[in-house]
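Read the structure below first, then the notes.
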Amino acid sequence: MTVAPSADPVSQARPMAARARLLRAAVEAFAAKGFNGTTTRDIANGAQMSSAAVYVHFRSKEELLFEISDAGHRAILAAIDEADDPSASPGDRLRELVRAFTEHHAREHVGGRVVNYELNALAPDHLDTVMAMRREITRRVRAIIDAGIDAGDFDVADSLATTNAMLSMGIDVARWYREDGALSPEQMGDFYAELAMRMVGSP
């Protein structure tokens with residue numbers, strides 16, 4: 001019996017490296033010019049590749065945007081998962097979750113501008129996928145706020161409105177945050193965590 005040789009790891013890595021370069025270039029271009037203002041040539045130039053190379057790895061500019069958006073929202077969910085301890089009090093859970101959510105948007109502010117502010121450019125099926133993750137993020141935060149209300153720890157008139165306000169506050173950090181600003185991502189997370197606690201009337 002003849003055994004086929006294993007695929008060359010170097011040959012396998014090259015397409016993945018090219019895709020990664022194109023994704024990084026697309027993030028930078030979309031963040032700077034917006035989806036509609038970016039051409040495939042802009043992306044290819046940013047990756048130091050030919051324009052044709054974009055279509056070797058992605059069917060369209062929109063597919064690039066979807067891959068960026070999908071990965072970005074999965075990263076947010078992962079950050080929330082890592083920060084949240086279901087056995088902790090609602091106050092501690094909310095503080096840690098908002099801290100992680102805000103810190104993520106500060107640290108990943110370039111990609112965050114694309115992930116959160118170019119949703120309308122996604123195809124309907126891709127938008128549905130991303131919106132399902134956004135609803136899950138909202139559900140998780142609201143569940144913690146509702147638990148705090150039920151426990152008598154939070155003084156909140158409308159848990160959904162409060163949830164949306166907190167998430168909007170954290171998301172907007174990606175729009176204006178810069179590395180040379182006064183606060184580090186960690187400091188931004190701490191500051192917004194305390195703001196969140198004030199919003200729910202908890203010390």
Next item on the list: Decide yes or no for R107 and M188: does some side-chain heavy atom of the first lie under 4.5 Å from some side-chain heavy atom of the second?
Entry: no
Notebook entry, point to check: Which heavy-atom pair separates Y55 from T40 by the least distance, and what is that distance?
Noted result: OH-CG2, 3.2 Å
Next item on the list: First locate atom CD1 of I137, then atom CD1 of I80, and finally report the distance between them rounded to the nearest 0.5 Å.
Entry: 5.0 Å
Note to self: Keeping R95 on the side-chain end and E194 on the backbone end, is there a donor-acceptor pair under 3.5 Å?
What the structure shows: no
Checklist line | R134 and L119, any side-chain heavy atoms less than 4.5 Å apart | finding: yes
Next item on the list: Calculate, to the nearest 0.5 Å, the distance between atoms NE2 and CG belonging to H109 and D172 respectively.
Entry: 13.5 Å
Notebook entry, point to check: Sub-3.5 Å donor-acceptor pair from the side chain of K61 to the main-chain atoms of F35, do we have one?
Noted result: yes
Next item on the list: Is it possible for you to check whether R175 lies under 6.0 Å from the centre of the six-membered ring of Y117, through NZ or CZ, and within 45° of that ring's axis?
Entry: no
Notebook entry, point to check: Linking I/L/V/M/F/W/Y whenever any side-chain heavy atoms sit under 4.5 Å apart, do L22 and V56 land together?
Noted result: no
Check: Do E118 and R113 meet the salt-bridge criterion of a basic N to acidic O distance under 4.0 Å?
Finding: no
Note to self: Donor-acceptor pair, distance only, cut-off 3.5 Å: does the side chain of E62 make one with the backbone of A121?
What the structure shows: no
Check: Within a strict 4.5 Å, meaning less than it, do heavy atoms of the H105 and Y192 side chains meet?
Finding: no
Notebook entry, point to check: Atom CD in E103, atom OH in Y177: separation rounded to 0.5 Å?
Noted result: 9.5 Å
Margin query: Strictly by ring pair (Phe, Tyr, Trp, His ring centres under 6.0 Å), give each pair with a member in residues 59-95 just once, sequence neighbours left out.
Written below: F66-H126
Notebook entry, point to check: What's the shortest heavy-atom distance between D42 and G37, and which atoms?
Noted result: OD2-O, 3.9 Å
Note to self: Using a 3.5 Å distance criterion without hydrogens, assess whether the side chain of N116 forms a donor-acceptor pair with backbone atoms of G112.
What the structure shows: yes
Next item on the list: Please name the pair of heavy atoms, one in S69 and one in V115, separated by the smallest distance, quoted to 0.1 Å.
Entry: CA-CG2, 4.1 Å
Margin query: Test your reading of the model: is there a side-chain donor-acceptor pair from E28 to the backbone of A25, 3.5 Å cut-off?
Written below: no
Checklist line | Test salt bridge (charged side-chain N to carboxylate O under 4.0 Å, His left out) applied to R99 and E186, step by step | finding: CA-CA 8 Å; R99 178 181 287 117; E186 294 81 4; over 6 Å; no
Margin query: Looking at D155, I'd like to know if its CG atom is crowded, meaning that more than 12 non-hydrogen atoms belonging to other residues, nucleotides or ligands lie closer than 6.0 Å.
Written below: no
Note to self: Is any side-chain heavy atom of M166 closer than 4.5 Å to one of L195?
What the structure shows: no
Check: Is any side-chain N of the basic residue among R140 and E136 closer than 4.0 Å to the acidic one's carboxylate O?
Finding: yes
Next item on the list: With sequence neighbours left out, write down each residue that passes side chain to side chain contact (heavy atoms under 4.5 Å, CB included) with L160, or none if nothing qualifies.
Entry: T138, R142, D158, N164
Note to self: For a side chain to side chain donor-acceptor pair (under 3.5 Å) check, start with the C-alpha distance between S159 and D146, then their side-chain angles and the critical distance, and finish with the verdict.
What the structure shows: CA-CA 6 Å; S159 64; D146 284 337; 2.8 Å; yes
Notebook entry, point to check: Would you say the side chain of V98 lies within less than 4.5 Å of the side chain of V141, judging by non-hydrogen atoms?
Noted result: no
Checklist line | Least distance between heavy atoms, H57 atom then R19 atom | finding: O-NH1, 2.8 Å
Notebook entry, point to check: How far does CG of L64 sit from CD1 of I43, to the nearest 0.5 angstrom?
Noted result: 5.0 Å
Notebook entry, point to check: Between the side chain of R93 and the main-chain N/O of D84, is any donor-acceptor distance below 3.5 Å?
Noted result: no
Note to self: On a heavy-atom basis, which atom in G72 and which in H104 lie closest, and how many Å separate them?
What the structure shows: O-NE2, 4.4 Å
Item checked: Over all atoms of both residues, closest heavy-atom pair of I144 and F154 -> O-CE1, 3.8 Å
Item checked: Pairwise side-chain contact, L127 with N120, heavy-atom cut-off 4.5 Å (strictly under) -> no
Item checked: CG on D85 to CG on L97, rounded to 0.5 Å -> 12.0 Å
Notebook entry, point to check: Are any of the side-chain heavy atoms of I76 and E108 separated by less than 4.5 Å?
Noted result: no
Next item on the list: Test Q48 against R21 for side chain to side chain contact (heavy atoms under 4.5 Å, CB included), laying out the working first.
Entry: CA-CA 9 Å; Q48 296 184 323; R21 284 167 59 190; 3.9 Å; yes
Check: Around E82, counting heavy atoms of other residues, nucleotides and ligands shown, do more than 12 lie under 6.0 Å from its CD?
Finding: no
Note to self: Can you confirm whether R59 is buried at CZ, in the sense that more than 12 heavy atoms of other residues, nucleotides or ligands lie under 6.0 Å from that atom?
What the structure shows: no
Margin query: Between T102 (side chain only) and G170 (backbone N and O only), is there a donor and an acceptor less than 3.5 Å apart?
Written below: no
Margin query: With rounding to the nearest 0.5 angstrom, report the OG to CD distance, S184 to Q187.
Written below: 3.5 Å
